Amino acid sequence: MSSRKRMPFNPEQLNQMQWYLGEETIEDYDDGLITRRTLLRRLIAICGGGTAAAALMSACGAPVNAPAATAAPSTPLEPTTAPTEPTLAPAATAASTGTAQPQAVDATATAPEATASPAPAAAEAPKGGPALSVPADDPAVRAEDVTFQSSAAITGYLARPSADGVYAGVIVIHENRGLTDHIKDVARRLAKAGFIALAPDLVSRSGKTTAQTDSAQVAGVLGGANPEDLIADLNAGIALVGAQPGIKSEKVGVVGFCFGGGYALRLAAANPNVGAAVCYYGVTPQPASMMAATNATVLGQYGSADARVNGTIPALEEALTGAGKTFEKHIYEGAGHAFNNDTGQRYDEKTAVEAWSRTLAWFEKYL
């Protein structure tokens with residue numbers, strides 16, 4: 001039987017989100033937050049196969065056969081018993097071509113901001129939980145699981161103030177772990193602050209987040225998803241919010257975290273009814289020039305230690321300011337990626353409270 005030489009996989013075949021999620025996974029491993037087994041499982045899921053995962057590791061300067069890091073506590077969707085360490089297998093066909101990222105910007109939260117306003121006073125911490133958390137049984141909030149229609153059935157979590165009134169709407173876009181309890185909590189925080197908030201589950205086309213076996217599957221689904229499908233699902237979510245009783249206007253806000261931060265920017269560029277967008281440590285979409293089409297005022301929230309994401313800020317700032325759009329950024333000294341997630345290992349409560357105060361002030365001002 002004749003043998004044919006296998007052509008090497010070119011990592012430039014991976015799309016922007018596969019690169020972003022793959023680099024984030026490698027960074028988690030380098031920082032000792034996940035084991036090598038988890039590293040490989042996530043990269044294979046994100047890249048579509050073992051050959052592509054190995055090519056990405058090589059392109060990022062990560063040794064393919066590096067020793068395992070010390071494991072930290074597992075993420076909420078990680079199985080309690082890890083499967084046998086995967087063998088790198090041939091890759092599936094990859095998606096569209098990625099491009100190089102711009103260089104990091106040198107900025108801090110203490111630097112003067114031309115358009116910045118003082119952050120409102122921080123909220124007091126409720127007893128028994130993180131500073132910003134709003135329990136599911138808080139009487140000031142009504143929340144429920146919902147299903148709405150895009151070109152597929154999409155599930156989500158809808159939260160609103162219990163009191164009758166007129167409220168602005170906000171879309172909440174989750175991290176690369178899908179619609180977790182933490183993101184539902186974020187929706188309740190907005191509801192308690194006087195907004196109608198919807199957190200769509202962008203894993204819905206492959207079965208909702210809770211139907212996946214672990215966070216590697218979720219990251220793989222999101223990394224390989226068609227951006228047009230996800231924007232369509234988010235637009236359907238905006239339509240659902242707009243149909244709620246007591247909604248203030250067609251203009252809505254959007255806030256996203258990590259993976260969701262990048263999609264908050266994409267949605268702001270794609271939907272003219274988005275009037276205010278807040279991006280938490282999300283990568284700037286490619287090409288950044290798409291942001292010139294937005295009608296939204298944009299607030300960027302970043303940690304100074306998150307160089308991988310911060311390297312994409314200059315392109316975002318250039319695109320927005322060059323088009324005459326309102327853009328304000330805050331880079332919090334000492335904070336890292338995912339500083340807002342109070343269920344994660346990089347949570348920074350002081351920064352999270354300060355950034356959340358600015359988020360609410362942004363929506364109150366522009367919605």
Side-chain angles (χ1 to χ4, degrees), residues 14-29 33-35 37-50 52-53 56 71-83 86 91-92 94-95 145 147 150 152-157 171-187 198-227 229-234 237 256-264 266 280-283 337-338 340-346:
L14 299 173
N15 65 35
Q16 183 194 19
M17 197 53 64
Q18 287 172 314
W19 269 94
Y20 171 69
L21 297 179
E23 288 175 329
E24 180 180 49
T25 298
I26 293 169
E27 186 176 87
D28 286 348
Y29 174 71
L33 302 183
I34 60 174
T35 64
R37 179 180 289 115
T38 299
L39 166 76
L40 294 177
R41 189 169 66 249
R42 286 189 192 169
L43 286 181
I44 289 170
I46 290 166
C47 297
L56 178 62
S74 60
T75 52
L77 291 176
E78 288 292 320
T80 53
T81 303
D145 295 324
T147 301
S150 176
I154 308 299
T155 58
Y157 186 76
I171 299 295
V172 182
I173 310 182
H174 56 66
E175 299 166 311
N176 64 3
R177 300 295 185 264
L179 182 54
T180 61
D181 288 341
H182 166 64
I183 295 300
K184 292 181 178 182
D185 187 3
V186 172
L198 173 68
D201 187 348
L202 295 181
V203 187
S204 295
R205 289 174 180 266
S206 299
K208 58 186 179 180
T209 296
T210 53
Q212 310 304 311
T213 58
D214 61 29
S215 60
Q217 264 194 315
V218 175
V221 168
L222 295 174
N226 182 342
D229 286 342
L230 298 189
I231 292 299
D233 299 344
L234 292 168
F257 306 85
C258 181
F259 162 88
Y263 268 91
R266 284 182 178 270
Y280 276 75
Y281 34 80
V283 68
H337 190 72
N340 183 72
N341 189 340
D342 52 33
T343 68
Q345 296 135 310
R346 292 192 174 101

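Just so you know, these numbers come straight off a predicted model, no measurement behind them.
- Nearest heavy atoms, A264 versus G256: CB-N, 3.9 Å.
- Proximity of I231 to R266: side-chain heavy atoms (C-beta onward) are separated by under 4.5 Å at one or more points.
- Interatomic distance, T38 OG1 to L33 CG, rounded to the nearest 0.5 Å: 11.0 Å.
- Side-chain contact between T25 and I46 is present, with at least one heavy-atom pair separated by less than 4.5 Å.
- Of the inter-residue distances, the one linking S150 atom OG with R205 atom CZ reads 5.0 Å to the nearest 0.5 angstrom.
- Note that the OG1 atom of T343 and the CG atom of D185 stand 9.5 Å from one another [nearest 0.5 Å].
- Side chains of V218 and N176 form no contact here, defined as non-hydrogen atoms less than 4.5 Å apart.
- Contact check for I34 versus Q345: no side-chain heavy atoms found under the 4.5 Å cut-off.
- The backbone N or O of I183 lies less than 3.5 Å from no partner atom in the side chain of Y157, so there is not a single donor-acceptor pair.
- When atom types are taken as modelled, the side chain of E175 and the backbone of T180 share no donor-acceptor pair closer than 3.5 angstrom.
- Classification of the H182-F257 ring pair by plane angle, with boundaries at 30° and 60°, yields perpendicular.
- Across every non-hydrogen atom of L222 and G178, the tightest pair is CD1-N, 4.4 Å.
- The minimum heavy-atom distance linking F259 with M17 is given by the pair CD1-SD, 3.5 Å.
- Distance CG/D233 to CD1/I154: 3.5 Å, rounded to 0.5 Å.
- Under a cut-off of 6.0 angstrom, the local environment of NZ in K208 is sparse, with at most 12 non-hydrogen atoms contributed by other residues, nucleotides or ligands.
- Atoms CZ and CG, from R177 and N341 in turn, are 9.0 Å apart once rounded to the nearest 0.5 Å.
- At a threshold of 4.0 Å, the pair K184-D201 does not count as salt-bridged, since none of the basic side-chain nitrogens sits closer than that to a carboxylate oxygen.
- Looking only at distances, no side-chain donor or acceptor of Q217 sits under 3.5 Å from a matching main-chain atom of A45.
- Listed here is the closest heavy atom pair of A52 and L14: CB-CD2, 4.5 Å.
- Residues C258 and Y20 share a closest heavy-atom pair of SG-OH, 3.3 Å.
- A distance of 8.5 Å separates CZ of R42 from CD of E24, quoted to the nearest 0.5 Å.
- Looking at heavy atoms from C-beta onward, L234 lies in side-chain contact with L202 at the 4.5 angstrom threshold.
- Across every non-hydrogen atom of Q18 and G223, the tightest pair is CG-O, 3.2 Å.
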